[in-house]
Asker: 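Okay, handing you the structure first.
As a basis for the values below, the full set of heavy atoms in this structure was taken, side chains included, without hydrogen atoms, waters or symmetry mates.
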Amino acid sequence: MLANLGQGDHLILERQDEDREGDWYIQVLFRDDNTYQLEYRDGVPAEHYQTVTASQDRARQALLDWADDQPDWQDGFTWNNIGAMFALPIVKATDQPTP
């Protein structure tokens, strides 16, 4: 499926486990510049990470290793925490409308 992605297409693998709360997934986007943007989430928005690779083989191996629950599947990439992008905005008391 990864090899058949067109530019702008994405693939998502999700893990569902009754003993774990939250969202557990890895996704890959084949970008317009022919690179692969990988993202994964470990349960909560604060644990959402992203990296980019030009290698389809490395992206495929990361997907397979994640799906197989390999402990070192993230190795070899520089992951950036992008969890702040998914956090709910903080509403201050001064931002509340007055009745």
Side-chain angles (χ1 to χ4, degrees):
M1 291 188 303
L2 180 66
N4 292 325
L5 290 180
Q7 290 178 329
D9 290 341
H10 67 279
L11 170 68
I12 301 171
L13 301 178
E14 184 177 15
R15 180 173 289 131
Q16 295 185 356
D17 184 341
E18 292 177 8
D19 297 329
R20 292 171 142 176
E21 291 187 34
D23 297 317
W24 300 82
Y25 62 84
I26 187 169
Q27 62 186 2
V28 61
L29 167 70
F30 186 44
R31 298 171 13 155
D32 292 339
D33 63 359
N34 293 325
T35 60
Y36 296 87
Q37 178 178 307
L38 291 161
E39 293 183 18
Y40 74 93
R41 182 176 291 195
D42 278 347
V44 295
E47 297 297 322
H48 193 120
Y49 300 88
Q50 180 184 84
T51 193
V52 175
T53 181
S55 170
Q56 184 184 85
D57 290 337
R58 291 187 70 210
R60 181 182 64 247
Q61 194 61 52
L63 291 168
L64 292 172
D65 288 350
W66 181 89
D68 194 34
D69 208 14
Q70 294 293 318
D72 58 352
W73 71 268
Q74 298 121 316
D75 291 357
F77 294 99
T78 301
W79 295 95
N80 299 302
N81 186 319
I82 60 170
M85 293 173 52
F86 304 99
L88 295 174
I90 297 173
V91 178
K92 298 178 185 175
T94 57
D95 294 339
Q96 299 291 329
T98 55

Asker: Which of these, Gln56, Arg31, His10, sits in a side-chain contact (heavy atoms from CB on, under 4.5 Å) with Tyr36?
Answerer: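 That would be Gln56.
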Asker: Would the distance check show the side chain of Trp79 and the main-chain N or O of Gln74 forming a donor-acceptor pair, the cut-off being under 3.5 Å?
Answerer: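 Looks like yes, one N/O pair under 3.5 Å.
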Asker: What's the separation between atom CG in Asp68 and atom CD in Gln61, rounded to the nearest 0.5 Å?
Answerer: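 Output value for this atom pair is 9.5 Å.
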Asker: For the residue pair Tyr25 and Glu14, what are the closest heavy atoms and their distance?
Answerer: CB-CA, 4.0 Å
Asker: If you look at every heavy atom in Val28 and Leu2, which pair is closest and at what distance?
Answerer: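 Scanning both residues, the minimum pair turns out to be CG1-CD1, 3.7 Å.
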Asker: Could you tell me which non-hydrogen atom of Gly8 sits nearest to which non-hydrogen atom of Asp32, and how far apart they are?
Answerer: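 Of all heavy-atom pairs spanning Gly8 and Asp32, the closest is N-OD1, 4.0 Å.
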Asker: Linking I/L/V/M/F/W/Y whenever their side-chain heavy atoms sit closer than 4.5 Å, directly or via other members, would Leu63 and Met1 fall into one cluster?
Answerer: yes
Asker: Where the side chain of Asp65 meets the backbone of Asp72, is there a donor-acceptor pair that is under 3.5 Å apart?
Answerer: no
Asker: For Ser55 and Asp57, run side chain to side chain donor-acceptor pair (under 3.5 Å): C-alpha distance rounded to whole Å, both residues' side-chain angles, the deciding distance at 0.1 Å, then the answer.
Answerer: CA-CA 5 Å; Ser55 170; Asp57 290 337; 5.0 Å; no
Asker: Find the distance between CD1 (Ile26) and CZ (Arg41) and round it off to the nearest 0.5 Å.
Answerer: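 Atom-to-atom, Ile26:CD1 and Arg41:CZ are 13.5 Å apart.
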Asker: Got a donor-acceptor contact below 3.5 angstrom from the Asp33 side chain to the Thr35 backbone?
Answerer: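 Yes: the side chain of Asp33 pairs with the backbone of Thr35.
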Asker: What are the two closest heavy atoms between Tyr49 and Glu47, and how far apart are they?
Answerer: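 Taking Tyr49 first and Glu47 second, the nearest heavy atoms are OH-OE1, 2.5 Å.
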Asker: Flag yes if more than 12 heavy atoms outside Gln7 fall under 6.0 Å of its CD atom; otherwise flag no.
Answerer: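 Check passes, neighbour count above 12.
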Asker: Distance from Gln16 atom CD to Asp23 atom CG, nearest 0.5 Å?
Answerer: 9.5 Å
Asker: Do the rings of Trp73 and Tyr40 sit parallel, tilted or perpendicular, given the 30° and 60° boundaries?
Answerer: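 Rings of Trp73 and Tyr40: perpendicular, over 60°.
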Asker: Do Phe77 and Leu13 belong to the same hydrophobic cluster, where Ile, Leu, Val, Met, Phe, Trp and Tyr are linked whenever their side-chain heavy atoms lie under 4.5 Å apart, directly or via other members?
Answerer: yes
Asker: Can you tell me how far the CD atom of Gln50 sits from the CG atom of Leu29, to the nearest 0.5 Å?
Answerer: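 Result: 9.0 Å between the selected atoms.
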Asker: Minimum heavy-atom separation for Leu5 and Phe30, please, with both atom names.
Answerer: O-CD2, 3.5 Å
Asker: Ignoring hydrogens and angles, tell me if any N or O in the side chain of Arg60 forms a donor-acceptor pair with the backbone of Ala3 under 3.5 Å.
Answerer: no
Asker: What are the two closest heavy atoms between Ala62 and Leu38, and how far apart are they?
Answerer: CB-CD1, 4.2 Å
